[in-house]
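Working notes for the structure below.
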Amino acid sequence: MMNPYSIEKIKQMEKKISINCNDTTLLNSLAIAYLMNSEANGYNKVDDLLRQAYTINPCVKTANNYAYQLICDNFEYQKGIDILQPFVDLTPRSYMPYNLLGFAYLKSKRYEQANKYLRIAMELSNNKNLSICNNLAVSLSLNNLNEEAYQLYTNILYKEPITETMYNKAIASVELGSSDISSLIEQIHKSTSYMSSIDNIDLSVLYYLINDYHSSYKCLMENCNFSLLEWKSLSFVLYHNNRRKFEEIKQDAICQRELWKKDFYGNVDYDDCSENEIDSLNNDIQELDKLECHLMCPPVVNTKELYHTLPIGCMLFDCKVCNNPFDD
């Protein structure tokens with residue numbers, strides 16, 4: 001498919017804006033064009049263009065598109081919420097502002113608000129946008145509404161075998177004490193997207209959660225490349241199944257941190273920030289040295305930290321690549 005934002009069209013838009021810099025439709029279109037065509041080398045102008053359009057004409061469209069850039073590209077969730085919330089309160093007709101706002105609340109760990117707006121987005125999209133459905137289910141899980149979340153994961157998987165949703169359903173199954181976890185792991189293992197969105201580390205953790213340490217170890221060894229400190233549960237599995245490999249990874253991790261310390265000390269711009277980084281590295285080394293002491297019993301896993309959200313896709317009004325509506 002030909003990119004509707006060709007270099008020639010972008011040049012035409014740039015020329016028109018040089019004549020009329022207050023045309024908000026044009027400002028919005030040029031910002032999207034820069035996002036959709038990297039050859040134009042205008043990415044660093046996108047924020048200013050969307051902010052300018054919003055400042056000149058604050059409305060659902062300009063607020064949504066400016067907030068989209070803040071939330072999805074800059075990860076400035078609260079700033080995006082502050083921009084978008086007043087216009088969502090005007091009850092726009094499109095699902096896009098609700099989805100964007102709900103996603104920002106989800107990333108801000110404000111799950112009740114996330115549930116509210118993602119429910120509306122799901123209804124307005126007629127349950128067809130499965131990323132909204134998945135992210136709502138994740139928000140429900142994180143808000144301890146586990147049975148409703150489990151049912152929503154199940155409904156999604158009837159429509160499409162999304163690997164992340166299978167994984168989320170398996171986590172929800174653990175929290176509910178369900179028995180269908182092994183079959184979900186097998187489905188993920190056979191999925192064409194296995195080792196991309198969900199990998200052997202994720203599945204090893206799932207096996208660990210159902211106390212199947214042998215299967216967890218087998219899965220871990222498919223690609224035994226993980227952080228001992230970040231994944232204490234898998235450190236336990238490796239330590240009790242392969243001490244030699246455990247020691248090898250531990251010593252590699254210590255050596256790597258010692259090298260990083262040398263880099264900091266050799267940096268001519270060494271400052272207080274570098275001192276903090278060195279303190280952190282020293283703490284890591286100390287923790288690695290005594291890690292075995294904490295692996296006598298299976299470490300507890302916080303299942304709430306394991307859920308996977310899905311990208312929300314393009315939520316920009318008037319994006320011609322995605323055929324989004326011109327306005328609300």
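Along the sequence shown, residues carry numbers from 1.
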Separation between OG1 of T62 and CG of N57, rounded to the nearest 0.5 Å: 5.5 Å
In the single-linkage hydrophobic clustering (I, L, V, M, F, W, Y; side-chain heavy atoms under 4.5 Å), do I56 and L316 co-cluster? yes
To the closest 0.5 Å, what do you measure between CG (L84) and CE (M315)? 12.5 Å
Heavy-atom distance under 4.5 Å between the side chains of L291 and K232, does that happen here? yes
So does R93 have more than 12 non-hydrogen atoms from other groups sitting under 6.0 Å from CZ? no
Lys/Arg N to Asp/Glu carboxylate O, K261 vs E258, below 4.0 Å: yes
Honestly curious: do L229 and I254 fall in one hydrophobic cluster under the side-chain, below-4.5 Å linking rule? yes
Flag, side chain of N99 to backbone of Y95, donor-acceptor distance under 3.5 Å: no
Using a strict cut-off of less than 4.0 Å between a Lys/Arg side-chain nitrogen and an Asp/Glu carboxylate oxygen, indicate whether E8 and K11 qualify as a salt bridge. no
Non-hydrogen side-chain atoms of R119 and L140 separated by less than 4.5 Å: yes
Same apolar cluster: L27 and Y43, side chain cutoff 4.5 Å: yes
To check you understand the geometry: which heavy-atom pair defines the closest contact between I71 and A104, and what is its length? CD1-CB, 3.6 Å
Indicate yes or no: at least one non-hydrogen side-chain atom of F226 is less than 4.5 angstrom from one of S204. no
Does M296 share a hydrophobic cluster with L234, counting links as ILVMFWY side-chain heavy atoms below 4.5 Å and allowing steps through other members? yes
Side chains of Y194 and D199: do they bring a donor and an acceptor to under 3.5 Å? no
side-chain hydrogen bond (donor to acceptor under 3.5 Å, both in side chains), paired with Y105, selected from E112, Q85, K116, Q113: Q85
Could you check whether E39 and Y5, counting side-chain N and O atoms only, form a donor-acceptor pair closer than 3.5 Å? no
Just verifying a value: how many Å separate T55 OG1 and D48 CG, rounded to the nearest 0.5 Å? 10.0 Å
What I want to check is whether the side chains of D47 and N74 have a donor and an acceptor closer together than 3.5 Å. yes
For atom CD of E147, decide whether the heavy atoms of other residues, nucleotides or ligands shown that lie under 6.0 angstrom number more than 12. no
K190 with E186: basic N within carboxylate O range, under 4.0 Å: no
The side chain to side chain contact (heavy atoms under 4.5 Å, CB included) partner of Y207 among L220, D212, V237 is D212
Distance-only side-chain donor-acceptor flag, N168 / N134, under 3.5 Å: yes
Please check this pair: side chain of K159 against backbone of N127, looking for a donor-acceptor N/O pair closer than 3.5 Å. yes
Which residue in the set K250, R244, R243 passes salt bridge (Lys or Arg N to Asp or Glu O under 4.0 Å) when paired with E247? K250
Closest approach of S173 and L184, non-hydrogen atoms and distance? OG-CD1, 4.1 Å
Does K128 come within less than 4.0 Å of E160, counting only side-chain N to carboxylate O? no
Classify the side-chain pair N65/Q69 by whether it contains a donor and acceptor separated by less than 3.5 Å. no
Can you check whether F246 reaches L295 side chain to side chain, under 4.5 Å on heavy atoms? yes
Heavy-atom donor-acceptor pair, R110 side chain to L106 backbone, under 3.5 Å: no
Would F75 and I81 show up in the same hydrophobic cluster when neighbours are defined by side-chain heavy atoms closer than 4.5 Å? yes
Closer than 3.5 angstrom, by distance alone: can the side chain of N200 be matched with the main-chain N or O of N223 as a donor-acceptor pair? yes
F317 side chain near V60 side chain, heavy-atom distance below 4.5 Å: yes
Which one of Y153, Y111, Y150 satisfies the side-chain hydrogen bond (donor to acceptor under 3.5 Å, both in side chains) criterion with S141? Y153
Close side-chain approach of I249 and D252, heavy atoms under 4.5 Å: no
Just wondering, more than 12 heavy atoms not from K109 lying within 6.0 Å of its NZ? no
Minimal heavy-atom distance between A40 and Y34, with the atoms involved, is CB-CD2, 3.9 Å
Quick check, are the ring centers of Y208 and Y213 under 6.0 angstrom apart? yes
Pi-cation contact, Y54 with K61 (under 6.0 Å, within 45°): no
More than 12 foreign heavy atoms under 6.0 Å from NZ of K304: is that the case here? yes
Any chance the side chains of Y66 and Q52 put a donor and an acceptor closer than 3.5 Å? no
L228 backbone acceptor or donor facing S235 side chain under 3.5 Å: yes
Is the shortest side-chain heavy-atom distance between M13 and S29 below 4.5 Å? yes
Does the side chain of M122 come within less than 4.5 Å of N129's, by heavy atoms? no
